[in-house]
Amino acid sequence: TIYKDQEPVDAIDAFCQSNSLSMQYREHLLSAACEELNCTRLIPVVYRKQINGENGEELGAVEVFDGEEVIDAVTRFIRSGNLLALGMDEIQLKNYFFREACNHRRVKCTRNVAIVYDNRIADENGTDIGRLVLNEFEEPADSIFAWCQEHALPHHVFSHLVDNVCNHRTVICNRKLP
């Protein structure tokens with residue numbers, strides 16, 4: 001059963017997990033369901049935890065998607081909700097999730113540094129240049145500059161990438177020059 005405000009992939013995944021059905025069968029069911037229902041994503045949430053502020057107000061939920069690292073989900077939650085500005089203790093929240101979420105069977109916990117940007121980059125002709133990956137402790141301008149040098153790209157590509165990457169919701173840029 002898929003309920004009114006439920007994401008189809010989560011209901012289908014839960015059904016497949018409880019009945020030991022294959023990933024291929026899950027994809028088949030999801031494809032059929034999305035022809036009839038509104039599907040906003042195709043990857044199920046395998047762990048969800050509501051987060052409340054000091055006064056008990058709901059701040060949102062950390063959602064870990066199938067195959068996603070816990071650290072990436074927690075960092076996305078913190079940065080997307082601008083919770084650092086509210087004084088949220090980032091280290092405490094990350095440590096809490098390492099203790100709590102990493103005990104769940106389908107949750108992935110293989111690193112403790114978040115990847116905040118991971119995309120394949122193509123040139124203006126659509127030719128793949130490579131994958132640009134940034135972690136949470138890197139200054140994006142420095143990493144993008146090094147990546148552009150490694151791929152022998154001109155300065156205008158660097159400037160364009162910095163502008164685009166710094167607009168990403170989980171990336172924090174302190175400057176736009178290396």
Side-chain angles (χ1 to χ4, degrees), residues 7-10 12-13 23-24 26-28 30-31 33-35 38-49 51 59-86 88 90-91 93-95 97-98 101-102 106-178:
E7 186 65 41
V9 69
D10 294 334
I12 291 168
D13 183 66
M23 175 76 95
Q24 291 90 344
R26 181 183 88 183
E27 298 305 318
H28 172 74
L30 185 59
S31 177
C34 291
E35 288 179 11
N38 181 28
C39 297
T40 62
R41 59 182 161 78
L42 301 175
I43 301 172
V45 170
V46 295
Y47 181 87
R48 179 182 284 117
K49 176 75 175 170
I51 303 297
L59 300 175
V62 172
E63 296 181 329
V64 182
F65 297 105
D66 192 21
E68 181 181 35
E69 290 279 346
V70 164
I71 190 70
D72 295 342
V74 174
T75 301
R76 181 182 64 246
F77 171 78
I78 291 168
R79 292 186 175 189
S80 295
N82 202 22
L83 298 179
L84 294 177
L86 297 175
M88 168 132 330
E90 185 175 7
I91 294 171
L93 188 63
K94 288 175 180 178
N95 286 335
F97 276 93
F98 281 129
C102 291
R106 293 179 66 197
V107 171
K108 192 173 173 184
C109 296
T110 62
R111 55 183 161 77
N112 61 3
V113 175
I115 292 175
V116 294
Y117 187 86
D118 183 354
N119 278 305
R120 297 214 60 85
I121 307 297
D123 66 16
E124 50 275 344
N125 299 321
T127 304
D128 184 62
I129 298 170
R131 186 173 160 205
L132 176 60
V133 179
L134 305 174
N135 78 48
E136 65 181 314
F137 299 118
E138 293 176 290
E139 179 57 46
D142 296 339
S143 300
I144 294 167
F145 183 77
W147 188 86
C148 285
Q149 284 190 318
E150 177 184 326
H151 292 87
L153 299 172
H155 185 75
H156 75 276
V157 173
F158 162 77
S159 298
H160 178 75
L161 281 173
V162 167
D163 288 342
N164 284 339
V165 170
C166 289
N167 284 327
H168 194 271
R169 65 187 175 127
T170 58
V171 176
I172 296 174
C173 295
N174 296 306
R175 54 190 162 77
K176 292 202 172 186
L177 295 173

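- Every residue meeting the salt bridge (Lys or Arg N to Asp or Glu O under 4.0 Å) condition with Lys94, not counting sequence neighbours, appears here in chain and number order: Glu90, Glu136.
- In this structure, the salt bridge (Lys or Arg N to Asp or Glu O under 4.0 Å) partners of Asp142, at least two apart in sequence or on a different chain, are Arg175.
- Under the side chain to side chain donor-acceptor pair (under 3.5 Å) criterion, Thr127 pairs with no residue at all, not counting sequence neighbours.
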Can you check side chain to side chain donor-acceptor pair (under 3.5 Å) on Arg76 and Thr170, steps first, answer last?
CA-CA 6 Å; Arg76 181 182 64 246; Thr170 58; over 6 Å; no

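- Scanning all heavy atoms of the two residues, the minimum distance from Ile12 to Ala33 falls at CD1-CB, 3.7 Å.
- With rounding to the nearest 0.5 angstrom, the CZ atom of Phe145 is 11.5 Å from the CG atom of Leu153.
- Considering only residues two or more places apart in sequence or on other chains, Cys173 meets the side chain to side chain contact (heavy atoms under 4.5 Å, CB included) condition with Glu139, Pro140, Cys166, Val171.
- For residues 152-161, there are no salt bridge (charged side-chain N to carboxylate O under 4.0 Å, His left out) pairs, not counting sequence neighbours.
- The shortest side-chain heavy-atom distance between Leu93 and Ile51 falls under the 4.5 Å cut-off.
- The two residues Gly60 and Phe77 have their closest heavy-atom pair at C-CE1, 3.6 Å.
- Among residues two or more places apart in sequence or in another chain, the salt bridge (Lys or Arg N to Asp or Glu O under 4.0 Å) test is passed with Arg131 by Asp118.
- When the side chain to side chain donor-acceptor pair (under 3.5 Å) test is applied to Asp72, the partners found at least two apart in sequence or on another chain are Arg111.
- Atoms CD1 and CZ, on Ile71 and Phe98 in that order, are 4.0 Å from each other to the nearest 0.5 Å.
- Within the 4.5 Å cutoff, the side chain of Glu63 has no heavy atoms near those of the Asp10 side chain.
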Under the side chain to side chain contact (heavy atoms under 4.5 Å, CB included) criterion, do Asp66 and Met23 qualify, and how do the steps go?
CA-CA 12 Å; Asp66 192 21; Met23 175 76 95; 4.2 Å; yes

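- Nearest heavy atoms, Val107 versus Tyr47: CG2-CB, 3.7 Å.
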When you look at Leu132 and Val165, which way does the side chain to side chain contact (heavy atoms under 4.5 Å, CB included) test go after all the steps?
CA-CA 10 Å; Leu132 176 60; Val165 170; 4.1 Å; yes

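- Here the shortest heavy-atom pairing between Val64 and Ala73 reads CG2-CB, 3.7 Å.
- Residue Lys108 holds its NZ atom at 9.5 Å from CD of Glu68, rounded to the nearest 0.5 Å.
- Ile91 is linked by a side chain to side chain contact (heavy atoms under 4.5 Å, CB included) to Asp89, Asn95, counting only residues two or more places apart in sequence or in another chain.
- In this structure, OG in Ser31 is found 9.5 Å from CG in Leu42, a value given to the nearest 0.5 Å.
- In this view, Glu69 satisfies the salt bridge (Lys or Arg N to Asp or Glu O under 4.0 Å) rule with no residue, not counting sequence neighbours.
- The environment of NE2 in His168 is crowded: more than 12 heavy-atom neighbours from other residues, nucleotides or ligands sit within 6.0 Å.
- The heavy-atom pair separating Lys176 from Phe158 by the smallest distance is O-CZ, 3.7 Å.
- The distance from the SG atom of Cys148 to the CD1 atom of Ile129 is 8.0 Å, given to the nearest 0.5 Å.
- Between the CG atom of Leu30 and the CD atom of Glu27 there is a distance of 6.0 Å, given to the nearest 0.5 Å.
- Not counting sequence neighbours, Thr75 has no partner by the side chain to side chain donor-acceptor pair (under 3.5 Å) test.
- Every residue was checked against the side chain to side chain donor-acceptor pair (under 3.5 Å) condition with Asn135, not counting sequence neighbours, and none meets it.
- Pairs engaging residues 147-158 under the side chain to side chain donor-acceptor pair (under 3.5 Å) rule: His155-Ser159 [sequence neighbours left out].
- Of all the heavy atoms in Asn38 and Glu7, the pair that sits closest is O-OE2, 4.3 Å.
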